[in-house]
There are 2 protein chains.
Amino acid sequence: MAGTKTLRKEEYSISELAAEFSITPRAIRYYEEVNLLTPHRNSKTTQRMYTRRDRARLKLILRGKRFGFPLVEIKEMIDLYDVDPTEKEQLRQTVAYGDRRLGEIDEMIRELQEIREEIFEFRNRFLEVLEGEEA
Amino acid sequence: MAGTKTLRKEEYSISELAAEFSITPRAIRYYEEVNLLTPHRNSKTTQRMYTRRDRARLKLILRGKRFGFPLVEIKEMIDLYDVDPTEKEQLRQTVAYGDRRLGEIDEMIRELQEIREEIFEFRNRFLEVLEGEEA
DNA sequence: TCGTAGTTTTACGTTGACGTTAACGGAAGC
DNA sequence: GCTTCCGTTAACGTCAACGTAAAACTACGA
Ligand SMILES: [Zn+2]
Ligand SMILES: [Zn+2]
Ligand SMILES: [Zn+2]
Ligand SMILES: [Zn+2]
């Protein structure tokens, strides 16, 4: 057929995505349940089909999950990508939301660095004891 | 009584700790249930009493919680403070555990900084749109 | 001595993020 | 035509980390 270059995949089934990201189809359906994903249906088969945009959102979801953001907050953050840039009030709120988020994230980074340093000092103290005995 | 200087408190009741850290007694009892705290009992009253060491552990627990470490992992990390420095094998394992932890934490920091930057760029892009319209 | 306040144990309830099972439908291969 | 392999919905189960409520005990001050 003309114009059907499929160098990169255009659409994915649920199990393809599940396999690619090492999660279960159930999880993906759940993300749809809470409006984090909105696949369309292949009208013939009634099966969910995921576009590359859906796939990109899924990546963002999983990244947010990696360190404990709840799904509702992940949704807030992801929805930043879909703000209508002609709505001034929406823009203002989005900027304000971004500022709050940035503050929270900076605080997380600070605390993580504190923990990092403590663990690092402990590790080194123990290591010195070990090296002292081996000398 | 002789030798009973109590400049700094030596022991705390459960509600004192709860008030100090803005959590509930129930939460503190739960930490005991999962072996994160081991208060002793004032044998007269059967009430839990917390030493300054217990209080220090509680601080560590709450810090670990602030960004989503599960209690079991918090326990692993806190127990680093109680390693017997004469047991070489235990020391070696502790150092190895610390290394793994450090790797995980570094990865978390990296990803947080990525997220930070993305949000920051989005925020700025919106801000420029707003400022452009106001000019 | 009574009331009030703080504590105890036991036990059941709750929320988020899925896991698991059941019961069913369409397509593909033989 | 039957099996096998996706997929579907609906519904109940689970796990962590407590919340909440009940019933009983102890301490302490007026
Ligand atoms: Zn399609
Ligand atoms: Zn928030
Ligand atoms: Zn004591
Ligand atoms: Zn780990």
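Chain letters run A, B, ... following the sequence lines, proteins first and then strands; every chain starts at 1.
In this entry the distance linking CZ of Arg41(A) with C1' of dC6(D) reads 15 Å, nearest Å. Between the CE atom of Met49(B) and the P atom of dG6(C) there is a distance of 15 Å, given to the nearest Å. Straight-line distance from the CD1 atom of Ile74(B) to the C1' atom of dC18(D): 13 Å, rounded to whole Å. Tyr12(A) has its OH atom 15 Å from the P atom of dG7(D), to the nearest Å. At whole-Å resolution of the value, NE2 in His40(A) and P in dG7(D) are 15 Å apart. The CD-C1' distance, from Gln47(A) to dA28(C), rounds to 13 Å in whole Å. For the pair Leu58(A) CG and dC18(C) P, the computed distance is 11 Å after rounding to whole Å. Atom CD1 of Ile28(A) is separated from atom C1' of dC18(C) by 13 Å (rounded to the nearest Å).
Following chains of ILVMFWY side-chain contacts shorter than 4.5 Å, one cannot reach Met108(B) starting from Val72(B), and the two form parts of different hydrophobic clusters.
Not a single salt bridge (charged side-chain N to carboxylate O under 4.0 Å, His left out) links Glu87(A) to another residue, sequence neighbours left out.
When the side-chain nitrogen and oxygen atoms of Thr46(B) are compared with OP1 and OP2 of dC25(D), none of them lie within a distance under 4.0 Å.
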Could you tabulate the donor-acceptor pairs under 3.5 Å formed by side-chain atoms of residues 24-36 of chain A, not counting sequence neighbours?
from, atom 1, to, atom 2, distance (Å)
Thr24(A), OG1, Ala27(A), N, 3.2
Glu32(A), OE1, Arg48(A), NE, 2.6

Please list every donor-acceptor pair under 3.5 Å in which a side-chain atom of residues 122-129 of chain A meets a protein atom from a residue at least two apart or in another chain.
from, atom 1, to, atom 2, distance (Å)
Arg123(A), NH1, Asp99(B), OD1, 2.6
Arg123(A), NH1, Asp99(B), OD2, 3.3

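Between Glu16(B) and Glu11(B) the shortest heavy-atom distance is OE1-O, 4.1 Å. The minimum heavy-atom distance linking Leu37(A) with Tyr50(A) is given by the pair CD1-CE2, 4.3 Å.
The OG1 atom of Thr38(B) sits 6.0 Å away from the CZ atom of Arg53(B) when rounded to the nearest 0.5 Å.
For residues 106-117 of chain B, the set of pairs meeting the side chain to side chain donor-acceptor pair (under 3.5 Å) definition, not counting sequence neighbours, comprises Arg66(A)-Glu111(B), Asp106(A)-Arg116(B), Arg116(A)-Asp106(B), Glu107(B)-Arg110(B).
In this structure, Arg48(B) reaches the sugar-phosphate backbone alone: every heavy-atom distance under 4.0 Å involves primed, P, OP1 or OP2 atoms, never a base.
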Would you check, one step at a time, whether the test salt bridge (charged side-chain N to carboxylate O under 4.0 Å, His left out) holds for Arg100(A) with Glu76(A)? CA-CA 12 Å; Arg100(A) 290 199 303 277; Glu76(A) 286 177 359; over 6 Å; no
Under 3.5 Å, which N/O atoms of the protein pair with N/O atoms of nucleotides 13-17 of chain D?
from, atom 1, to, atom 2, distance (Å)
dA17(D), OP1, Leu71(B), N, 2.9

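Both Ala27(A) and Arg29(B) sit near DNA chain C, but only Arg29(B) has its closest nucleotide nearer the 5' end.
Contacts between residues 14-24 of chain B and DNA chain D, counted as heavy-atom distances below 4.0 Å, involve Thr24(B).
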